[in-house]
Colleague: 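For reference, the structure I am asking about is given below.
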Amino acid sequence: MSTPENTPEPGREPNHPTNPDGPTSPAGAGGAANPDGFTLPGSGPGSRPEPQYGQYAPGGPYDKSGPSGYTQPSGYAQPYSYAPPVKPAKGPAPREVIIGSWLIIAAGVLSLINNIITSFSLPSIMTSQEQEAFAETGLDEEGVSSFLISFGIVVALIGFAIYLLIALFVRRGKNWARILGTVFAAFSLIGILTMLGAYFTSPLSLISLASSLLGIAGIVMLYLRPSTPYFRKAPLYPY
């Protein structure tokens, strides 16, 4: 005997085909039923919702979402890695710079010859006080001569190396080399102006005068208009 609570309403039997909540109804089988009794696709449990207008369907060819749910847009380019600025290389040295460097080298060669010849004459030009000072050190006359000649040759080689160093870096466009050469040229010019008459007393003095004049001429070539831009620093960002 059924009670009023368990008595189904007319037309609402569990297995009635028109009962939307019954186990045999289309909705009870895992989908929502339309008025005609058919199941709407994609409306049951575990089914994916239909994409709305203007959205891509999940799992489609445009779905780039990863495990964290972040969506990476299609065609995204990786950021460029930072590269330090590169200083552009200097062009070829102007003709005036090449000529100036060769003049500096020629001045160095003449200076080397002059200093080596002078080194062999150092023992003969020592004063009596200098000879007494060397005698107190325990050196004999032959030892003093060897020391003075060796010292003069070493100084001559160092001077020639300075000339070569200036000429080499001037050809590379280093402004500090041009400034250093300018300082030496200024001292040479002062020496010429103050001791001009002494340069004509011996052939060795004429070699020294020629060396000074060649060095000054080489430095002047580095300050001509075609040479000046070559010694300017190139910008890091020329564009």
Side-chain angles (χ1 to χ4, degrees), residues 80-123 125 145-239:
Y80 292 101
S81 58
Y82 172 77
V86 179
K87 184 181 294 185
K90 287 181 177 292
R95 182 173 59 91
E96 289 76 8
V97 174
I98 299 297
I99 295 175
S101 64
W102 280 115
L103 290 175
I104 293 173
I105 293 175
V109 171
L110 292 180
S111 177
L112 177 65
I113 295 173
N114 176 45
N115 292 332
I116 289 179
I117 295 175
T118 304
S119 300
F120 286 97
S121 61
L122 285 177
I125 61 177
S145 300
S146 300
F147 171 78
L148 291 177
I149 294 173
S150 301
F151 179 78
I153 292 176
V154 170
V155 172
L157 292 175
I158 292 176
F160 180 66
I162 294 176
Y163 277 96
L164 289 180
L165 184 71
I166 293 174
L168 175 62
F169 284 97
V170 155
R171 190 172 295 188
R172 294 182 180 181
K174 302 300 182 180
N175 193 44
W176 64 264
R178 184 174 67 160
I179 294 174
L180 183 61
T182 304
V183 173
F184 285 111
F187 284 114
S188 298
L189 182 61
I190 293 174
I192 292 174
L193 295 178
T194 56
M195 300 177 61
L196 182 60
Y199 286 105
F200 298 95
T201 57
S202 65
L204 193 62
S205 299
L206 290 176
I207 293 176
S208 177
L209 177 61
S211 173
S212 299
L213 292 177
L214 286 176
I216 294 172
I219 295 299
V220 170
M221 296 293 294
L222 304 181
Y223 284 92
L224 297 180
R225 180 172 297 180
S227 304
T228 301
Y230 186 67
F231 293 96
R232 294 173 183 170
K233 289 185 177 181
L236 293 179
Y237 301 98
Y239 44 84

Colleague: In Å, rounded to the nearest 0.5 Å, how long is the span from CD1 of Ile158 to CD1 of Ile153?
Modeller: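 Answer for the CD1-CD1 pair, Ile158 versus Ile153, is 12.5 Å.
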Colleague: Would you say that Asn114 contacts Leu204 through its side chain, given a criterion of any heavy-atom pair below 4.5 Å between the two side chains?
Modeller: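 Yes; the side chains approach each other to less than 4.5 Å.
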Colleague: Do you know which two heavy atoms are closest between Ser211 and Ala107, and how far apart they sit?
Modeller: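 Nearest heavy atoms, Ser211 then Ala107: OG-O, 2.8 Å.
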Colleague: If we only count heavy atoms from C-beta on, is the Val170 to Phe231 side-chain gap below 4.5 Å?
Modeller: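 Of all side-chain heavy-atom pairs linking Phe231 with Val170, at least one is under 4.5 Å.
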Colleague: So, for Pro226 and Pro94, which heavy atoms are closest and what is the spacing to 0.1 Å?
Modeller: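 Looks like O-CG, 3.4 Å.
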Colleague: Starting at CG of Leu148, measure out to OG1 of Thr118 and round the result to the nearest 0.5 Å.
Modeller: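 Going from the CG atom of Leu148 to the OG1 atom of Thr118 covers 13.0 Å.
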Colleague: Return the CD1 to CG distance between Ile104 and Leu165, rounded to the nearest 0.5 Å.
Modeller: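 Between atom CD1 of Ile104 and atom CG of Leu165 there are 11.0 Å.
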Colleague: Supply the atom-to-atom distance Leu112 CG to Ile207 CD1, rounded to the nearest 0.5 angstrom.
Modeller: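 Between Leu112 CG and Ile207 CD1, I get 11.0 Å after rounding to 0.5 Å.
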Colleague: Sub-3.5 Å donor-acceptor pair from the side chain of Ser119 to the main-chain atoms of Asn115, do we have one?
Modeller: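 It does hold such a pair.
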Colleague: Between Leu209 and Phe200, is the side chain to side chain contact (heavy atoms under 4.5 Å, CB included) condition met? List the steps.
Modeller: CA-CA 9 Å; Leu209 177 61; Phe200 298 95; 4.0 Å; yes
Colleague: Run the side-chain hydrogen bond (donor to acceptor under 3.5 Å, both in side chains) test on Ser212 and Tyr199 for me, step by step, so that the C-alpha distance in whole Å, both residues' side-chain angles and the decisive distance to 0.1 Å come before the verdict.
Modeller: CA-CA 11 Å; Ser212 299; Tyr199 286 105; 4.7 Å; no
Colleague: Which heavy atom of Leu214 sits nearest to which heavy atom of Ala106, and what is that distance?
Modeller: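 Between these two residues, the closest heavy atoms are CD1-CB, 4.0 Å.
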Colleague: Do you know which two heavy atoms are closest between Tyr163 and Gly108, and how far apart they sit?
Modeller: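 Tyr163 and Gly108 have their closest heavy atoms at CG-CA, 3.4 Å.
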Colleague: When you compare the side chain of Leu213 with that of Ile192, does any pair of heavy atoms fall below 4.5 Å?
Modeller: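 Result yes, sub-4.5 Å side-chain heavy-atom pair found.
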Colleague: Determine whether a donor-acceptor pair (N or O, by modelled atom type, separation under 3.5 Å) exists between the side chain of Ser101 and the backbone of Ile98.
Modeller: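 Side chain of Ser101 to backbone of Ile98, a donor-acceptor pair under 3.5 Å: yes, one is there.
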Colleague: Taking Tyr230 for the side chain and Pro92 for the main chain, is one N or O donor matched with an acceptor at less than 3.5 Å?
Modeller: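 A pair under 3.5 Å: no.
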Colleague: If I compare all heavy atoms of Ala185 with all of Ile219, which pair ends up nearest, and what's the gap?
Modeller: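 Heavy atoms of Ala185 and Ile219 come nearest at CB-CG1, 3.9 Å.
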Colleague: Answer whether the closest heavy-atom distance between the side chains of Phe184 and Ile162 falls below 4.5 Å.
Modeller: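 With C-beta onward as the side chain, the pair touches.
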Colleague: Which value, rounded to the nearest 0.5 Å, describes the distance between Ser205 atom OG and Leu196 atom CG?
Modeller: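 These two atoms lie 11.5 Å from each other.
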Colleague: Working to the nearest 0.5 Å, report the span between CD1 of Ile166 and CD1 of Ile105.
Modeller: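 That separation rounds to 11.0 Å.
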Colleague: Looking at Tyr223, I want to see if its OH is surrounded by more than 12 non-hydrogen atoms of other residues, nucleotides or ligands under 6.0 Å.
Modeller: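 More than 12 within 6.0 Å, yes.
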Colleague: Minimum heavy-atom separation for Glu96 to Met221, with atom names?
Modeller: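 The answer is O-CB, 3.6 Å.
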